[in-house]
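Here is the structure we will look at.
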Amino acid sequence: MTTTWVAELADALGPDSVLTDPDVAASYARDQAVLAEAGTPAAVVFPRSTAEVVAVLQIAARHGVPVVPRGAGSGLVGASNAVDGGITMVMTRMDAVLEVSPADRLAVVQPGVVNKALRDAVGAAGLFYPPDPASYDWCTLGGNLAMNSGGLCCVKYGVTTDYVLGLEVVLADGRVLRTGRRTVKGVAGYDLTRLFVGSEGTLGVITEATLALRPAPAADPVTLVATFATSAQTGQVVESVVTSGVVPSMLEVMDRTCIRAVDDMLRADLDRDAQALLVARSDAGGAAALDEIAELTRLCEAAGADLVHSTADPAEGDLLLAARRAALPALERLGDVLLDDVAVPRSRVATFIDGCDAISAQYDLVIGVMGHAGDGNMHPTIVFDGSDADQRARAVAAFDAILELGLSLGGTITGEHGVGTLKADWLEREIGPVSADVHRSIKDALDPSGLLNPGKVLRRRPSATA
C-alpha cells in the first residue's frame, strides 16, 4: 500500500523531506516542455545526501515504485516529468561545491549546485567551467549531467560530457557506483562515466560529480554582429569558419522571424529585413581576439554580408549578445511555443533554416529558428495557440516534420536537450533497431524492474509475440 512506503520514506528522510499533498506534488509534475506527457507523483522527496538517495531507491525497489530524478525542472523534453503514483526525487538540496582544486583543475560537486554558482565559485580561483546552457543561472548540474547539456559556447569548449572526470551514481537497487578518476588520463575499464552522462536518469541517480576546469578566459571578449540577405550567405560563413581554422568562443544565428520578434521586444533597431543575423565572440584575449574577429569580419564580407560590426567594449558586446539570448523570450510573447533541438552537419545549416521556412508555410504556423551555428545545433521554435486543438495538432506535425528534415540532412533529433518523452518515438528511427536493442539491454542490466524514470528515452522492449 502507498501509505506503507510513504511512511518508510518519512522515517528515512524525515517528514519535512517528503511531500504528498496532491496540489504541491503537482508543481513538480513537469519540466518546461509544453506538450510532453506527465503524470502525478504520489510523493515528492528531497534527499540531502547520498545515503538518503540510497534509502529512497531501496524503499522503491522493495515496493516496486517508479522513481523520477529531478533537478530544477529546466528541461525541454519531459525527461523529469512525473509518473503516476511514483516518487519524484528532487535533488536541489544536495547543493554543495565539495572541492575546488586549482592544482588539479577540477571541482567536486553535488547535483543540486546551480551551473552559475559553480562558475562563480571556481572563478574566484581563476578557473572556468565552460558548459553554459541558456538557463545556466538556474539549471542544476545534476540535470546538466543527466541530459549532457550544451550551450552557446560549445563551438569552442564542447558539451557537459567533455568536462566530466568521474561520477558517484546510486543504482536502481541502492548500490553506490563510483566511475572515472581525478587524473587527466585514465583508460582502465569501460567508460562508465560517459554511459551515465546523458542517460536522463534511466540508469542511475547521480549524487556527485568530479568536473574538469579550464583557466578563465580573457576578461574582455570581442564581439561581432553581421546580417545577411539569404540563409545561403550565412551558411557560407559557417563553412568558412570551419575550414579557416578560426575557433570563436561563440557563433550564433537568428532567422528573420526571430530578428523581428526580438526587435519588437527590445526596440534594438535591428535590420528587420535581414534573412539572418550572426553573433560571434572571441575570448582569446588581447590582440589574438582582435585578430580572430578581423578574420571573421573578412569571412562575413566575402559572403556578402549587408552589415558587419564589431566591438571590444564589453558593455556593447553584451548588448549584442542580449539580442540572441532574447530570441526565445521574444517568441514566447507571441503565443505558446514548442522548442525543437536538431543538430545538422555545419555544411547543412542554411538548408535546414530554409527547410524550416517551408515547414512554417506548410503548416501555417510561425516558426523562428535560432541556434548555435558554430556546431550546427539549431532550435526551431514553433509558435501556436495551445487552447486551439487544430493549432496544437499542426504544431505537433510541424515538430515531427522538423525532426524528419534534420535526419534527412544527416543530422540528429537532439543536440543538447535530450530525448525524454517528447522524442522517445524518434530515437529508434535515428539509431536503428540493433542500437535500440543494445540500449534496452543496458537498461535491463542496470534497472531490471524498470523503475528508474520509466517511459523516458526508450519505449518498452517490443513483445516477441507482438
Side-chain angles (χ1 to χ4, degrees), residues 31-37 75-79 134 147 149-150 154 230-232 234-235 238 252-261 275-277 324 327-328 330-332 334-386 388-431 457:
D31 64 12
Q32 300 294 299
V34 174
L35 298 183
E37 59 199 60
L76 291 161
V77 291
M147 307 305 294
S149 301
C154 295
T230 68
S231 301
T234 312
V238 174
E252 297 290 300
V253 67
M254 296 193 302
D255 73 351
R256 179 178 293 165
T257 299
C258 292
I259 293 169
R260 292 180 175 181
Q275 177 61 27
L277 179 149
R324 164 61 184 92
L328 180 57
L331 291 173
E332 288 175 330
L334 305 180
D336 296 302
V337 298
L338 184 55
L339 180 65
D340 213 330
D341 163 44
V342 175
V344 297
R346 287 173 287 194
S347 61
R348 310 306 296 274
V349 166
T351 304
F352 182 78
I353 293 173
D354 289 340
C356 289
D357 281 346
I359 293 170
S360 173
Q362 178 183 352
Y363 291 98
D364 191 23
L365 291 168
V366 172
I367 300 178
V369 183
M370 68 197 88
H372 317 309
D375 59 22
N377 191 180
M378 297 291 101
H379 295 308
T381 303
I382 303 163
V383 182
F384 66 102
D385 181 354
D388 185 314
D390 176 63
Q391 285 201 31
R392 285 174 68 95
R394 281 188 280 130
V396 170
F399 185 85
D400 287 344
I402 290 169
L403 295 178
E404 187 70 62
L405 171 65
L407 290 179
S408 74
L409 296 175
T412 174
I413 60 171
T414 174
E416 59 187 7
H417 294 171
V419 175
T421 61
L422 207 57
K423 297 182 178 180
D425 292 330
W426 280 87
L427 180 62
E428 187 164 346
R429 294 181 61 173
E430 175 176 335
I431 66 177
V457 184

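Computed over heavy atoms, backbone and side chain alike; hydrogens, waters and symmetry mates excluded.
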task = Test side chain to side chain contact (heavy atoms under 4.5 Å, CB included) on C258 and M370 and set out the steps.
result = CA-CA 7 Å; C258 292; M370 68 197 88; 4.2 Å; yes

ask   = Which atom names give the shortest non-hydrogen contact between V349 and A373, and what distance separates them?
value = CG2-O, 4.3 Å

request  = State, with a plain yes or no, whether a side-chain heavy atom of L76 is found less than 4.5 Å away from one of D31.
outcome  = no

note = Separation between CZ (R260) and CG (L334), nearest 0.5 Å, reads 12.5 Å

request  = Check A36 against G78 and note the closest heavy-atom contact, atom names and distance.
outcome  = CB-CA, 3.7 Å

ask   = In Å and rounded to the nearest 0.5 Å, what is the CG to OG1 distance from L331 to T257?
value = 7.5 Å

inquiry  = Give me the atom names and distance for the closest heavy-atom approach of D375 to C154.
reply    = OD2-CB, 3.0 Å

query = Which heavy-atom pair separates A276 from T234 by the least distance, and what is that distance?
reply = CB-OG1, 3.2 Å

task = Go through the steps for I382 and Y363 under the test side chain to side chain contact (heavy atoms under 4.5 Å, CB included), then give the verdict.
result = CA-CA 10 Å; I382 303 163; Y363 291 98; over 6 Å; no

request  = Specify the closest pair of heavy atoms between V419 and L427, including all atoms of both residues, with the distance to one decimal.
outcome  = CG2-CD1, 4.3 Å

Salt-bridge contact K423-D340 (side-chain N to carboxylate O under 4.0 Å) = yes

message = Is the shortest side-chain heavy-atom distance between N377 and D341 below 4.5 Å?
response = yes

inquiry  = Return the CD to CG distance between E404 and D400, rounded to the nearest 0.5 Å.
reply    = 9.0 Å

request  = Could you tell me whether the side chain of V396 reaches within less than 4.5 Å of the side chain of L35, counting heavy atoms only?
outcome  = yes

query = Is there a side chain to side chain contact (heavy atoms under 4.5 Å, CB included) between D255 and D357 once you walk through the steps?
reply = CA-CA 10 Å; D255 73 351; D357 281 346; 4.2 Å; yes

Considering all heavy atoms, the nearest I367-C356 contact = CD1-O, 4.1 Å

inquiry  = Given 3.5 Å as the limit, does a donor-acceptor pair link the side chain of R346 with the main chain of G374, or not?
reply    = yes

query = Considering only heavy atoms from C-beta outward, does the side chain of M378 approach that of R348 to under 4.5 Å?
reply = no

Straight-line distance of D390 CG to D385 CG, nearest 0.5 Å = 10.5 Å

ask   = How many angstroms lie between CD1 in I402 and CG in L338, if you round to the nearest 0.5 Å?
value = 8.0 Å

request  = Kindly determine whether E430 and L403 satisfy side chain to side chain contact (heavy atoms under 4.5 Å, CB included), including the steps that lead there.
outcome  = CA-CA 10 Å; E430 175 176 335; L403 295 178; over 6 Å; no

task = Tell me yes or no: between the side chains of H417 and Q32, is some donor less than 3.5 Å from an acceptor?
result = no

Distance, nearest 0.5 Å, that separates CE of M254 from CG of L277 = 4.5 Å

